[in-house]
Each structure stands twice: as C-alpha cells, then as structure tokens.
Amino acid sequence: MRLTQYIRSRCEIYLILIIGFLLRVYRLDGPSLWFDELLTLGSMDLPLIQIVKGAATLPFPPLYHIVTHLWVKTFGISEFSLRFPSLIFSLLSIFLIFKLAKELFGRQVGLLAALLLVISPYSIGYAREAKMYSMLWFFGLLSFYFFYKFTRDNKKRDLALYILSTLASIYTLYAGLFFIIVQNAVFFLLFFRRPQLKKWLLAQAIIILLYL
C-alpha cells in the first residue's frame, strides 16, 4: 500500500512536469528571434572574460550570458538551442514551487501551485525566450526555499545554500535585490528574537560583500 502511494505521489509531479515541458517546447524554434533575443545572441561571440567585464557598463548582470555562452558553445547556435536554457530553468521552477508549497502547506497545495505555474502564460512565455527571466524565477524560488529551511531548522548548510542562490539571483538580474528586501522584512517581523539573528546578519554581510 505504501509503495503504491509512493509511486502515485511521484507520478503526479512527473506528469505535471511533462505537461509543462510539452507546453514550452512546442514550436520553440518557430518564432524568429526578436530584438532583445538578438542582444543575447550578440554576446555569444564574446570571450567569457569580456562578458564579465561588460557587466560594469551593461544594464544586466553577466550570469545568464555566461550560462548561455557555455550552452551554445556545446550545442550550437539556433533559435531552439538559444532558448532551451530558459525552458530548463522554467521546468526547474515548477518543481521548486511544488517543493516550497509542499513544505509550507502540504502536498496537495504543492501540486496545485506547480499546476498553476505550468499553465501560467507568463511562465510559458519567458520559457520560450532567450532572456534571463526564467533563470531569475528559478534562483529566486531557490533563495526563498532555503530562506524558509534556515528559519525553520537553523542549519548552516541551508544558510550557505541561501547565500549562493541569492547571489545567483542578483547576478542573473538586479531585480533579485527585491528578494533580499522581502526576506529581511519577513525575518525581522517574524524571527527577530530567534537564535538565527547573528547568522542571518552575517549572511547579509557576505551577500553584500560578494555582490560588490
């Protein structure tokens, strides 16, 4: 009986992920690259060191362009290849929102949250663009997931992973700074007197220093 329930529970999220993949991969190479995607394409011929140095003058951080650069160097340049990393991060976000909602509210809510993200027009649209927004969603969710785990369990491992995922979100898009603002607001409203305070302040200092 337990084995049957385990298989069923696994099949539900896998089915949702398969649906999400099909909705995003269908005619992924159909539309031609639009202006912003052409800017992404233009960075593919640059050396990695130049992509990193260019972050000082460009409006976007370099992490997405580094990932995409390495991807197309491996799999070639085409509409499909250029957009596929966004699809991958979109699928990972679906699984991650399931995990986060499951931790907070239970399995059924987790499945519902994943299903809603699967059919979200915004999620589908960004998964089909050679831009950094799906990647930002993934690292943002990962940051909040480990933020929750740290406030609940007070483990150094969760705090370290929180720092890494938060930095990755900022290095993907500067909007990731808003995640830190929200997390600090929640922390100081709900967890200010908990033993995590010193660790939390240290984590914020590390994030700021590494970001600078």
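Start at 1 with the first residue, then count along the sequence. As the structure is a computational prediction, the values presented were derived from the model and not from experiment.
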Enquirer: Quick one: pull up CG in L197 and CG in L201 and give me the separation to the nearest 0.5 Å.
Expert: 4.5 Å
Enquirer: For side chain to side chain donor-acceptor pair (under 3.5 Å), just list the numbers for S123 and R24, CA-CA rounded to whole Å, side-chain angles, deciding distance to a tenth of an Å, and then say yes or no.
Expert: CA-CA 9 Å; S123 179; R24 287 155 177 75; 2.8 Å; yes
Enquirer: Which atom names give the shortest non-hydrogen contact between T151 and Q196, and what distance separates them?
Expert: O-NE2, 2.8 Å
Enquirer: If we only count heavy atoms from C-beta on, is the Y162 to L159 side-chain gap below 4.5 Å?
Expert: yes
Enquirer: Out of R128, K131, R83, which one pairs with E37 under the salt bridge (Lys or Arg N to Asp or Glu O under 4.0 Å) rule?
Expert: R83
Enquirer: Say whether F21 and V118 are linked into one hydrophobic cluster, either directly or through other cluster members, by side-chain heavy-atom distances under 4.5 angstrom.
Expert: yes
Enquirer: Would a 4.5 Å heavy-atom cut-off, applied to side chains only, mark L87 and S134 as touching?
Expert: no
Enquirer: Is there a side-chain contact between W200 and F188, using heavy atoms and a 4.5 Å cut-off?
Expert: yes
Enquirer: Measuring only between side-chain heavy atoms, which start at C-beta, is L96 closer than 4.5 Å to L100?
Expert: no
Enquirer: Passes side-chain contact (heavy atoms from CB on, under 4.5 Å), I170 versus F139? Steps please.
Expert: CA-CA 9 Å; I170 302 171; F139 284 121; over 6 Å; no
Enquirer: How long is the straight-line distance from CD1 of I97 back to CG of L112, given to the nearest 0.5 Å?
Expert: 10.0 Å
Enquirer: Does any N or O in the side chain of S81 come within less than 3.5 Å of the main-chain N or O of S78, such that one atom is a donor and the other an acceptor?
Expert: no
Enquirer: Any side-chain heavy atom of L28 sitting closer than 4.5 Å to one from E79?
Expert: no
Enquirer: How close do A168 and L63 get, heavy atom to heavy atom, and via which atoms?
Expert: O-CD2, 3.5 Å
Enquirer: Give, for atom CG of L167 and atom CG of L210, the distance between the pair rounded to the nearest 0.5 Å.
Expert: 5.5 Å
Enquirer: Counting only heavy atoms not in K149, do more than 12 sit closer than 6.0 Å to its NZ atom?
Expert: yes
Enquirer: Verify whether the ring centers belonging to F84 and F80 lie closer than 6.0 Å.
Expert: yes
Enquirer: With rounding to the nearest 0.5 angstrom, report the CZ to CZ distance, F147 to F191.
Expert: 5.5 Å
Enquirer: Does a sphere of radius 6.0 Å around CZ in R152 hold more than 12 heavy atoms from other residues, nucleotides or ligands, not counting ones at 6.0 Å or beyond?
Expert: yes
Enquirer: Could you go through the side-chain contact (heavy atoms from CB on, under 4.5 Å) check for L141 and K99 one step at a time?
Expert: CA-CA 10 Å; L141 283 169; K99 290 280 290 182; over 6 Å; no
Enquirer: So F89 and W137, side-chain contact (heavy atoms from CB on, under 4.5 Å) or not? Walk me through it.
Expert: CA-CA 8 Å; F89 283 111; W137 282 20; over 6 Å; no
Enquirer: Are F150 and K155 side-chain neighbours, meaning at least one heavy-atom pair lies under 4.5 Å?
Expert: no
Enquirer: I want to check something: taking the side chain as every heavy atom from C-beta on, are T166 and F179 in contact at a cut-off of under 4.5 Å?
Expert: no
Enquirer: Drop me the distance from M132's CE to L173's CG, to the nearest 0.5 angstrom.
Expert: 6.0 Å
Enquirer: In terms of the angle between their ring planes, are Y211 and Y171 parallel, tilted or perpendicular, with boundaries placed at 30° and 60°?
Expert: parallel
Enquirer: In the structure I gave you, are the side-chain heavy atoms of Y64 and S86 within less than 4.5 Å of one another anywhere?
Expert: yes
Enquirer: Quick one: do L22 and L91 end up in the same hydrophobic cluster if we chain Ile, Leu, Val, Met, Phe, Trp and Tyr together by side-chain heavy atoms under 4.5 Å apart?
Expert: yes
Enquirer: Pairing donors with acceptors under 3.5 angstrom, does anything connect the side chains of Q183 and S143?
Expert: yes
Enquirer: Do L15 and I124 belong together in a cluster built from hydrophobic side chains that touch within less than 4.5 Å?
Expert: yes
Enquirer: For the pair V109 and K102, evaluate side-chain contact (heavy atoms from CB on, under 4.5 Å) and give the outcome as yes or no after the intermediate values.
Expert: CA-CA 6 Å; V109 175; K102 178 186 174 185; over 6 Å; no
Enquirer: Without swapping roles, check the side chain of S90 against the backbone of A127 for a donor-acceptor pair under 3.5 Å.
Expert: no
Enquirer: Please evaluate residues W71 and F75 with respect to the criterion ring-ring contact (aromatic ring centres under 6.0 Å, His included), reporting the C-alpha separation (whole Å), side-chain torsions for both, the decisive distance (0.1 Å), and the verdict.
Expert: CA-CA 6 Å; W71 177 270; F75 298 100; 4.3 Å; yes
Enquirer: Measure the OG-CG distance between S93 and L142 for me, rounded to the nearest 0.5 Å.
Expert: 9.5 Å
Enquirer: Would you say L190 ends up clustered with Y145 if hydrophobic residues are merged whenever their side chains have heavy atoms under 4.5 Å apart, either directly or through other cluster members?
Expert: yes
Enquirer: Does one hydrophobic cluster hold both L111 and L104, with members joined at side-chain heavy-atom distances below 4.5 Å?
Expert: yes
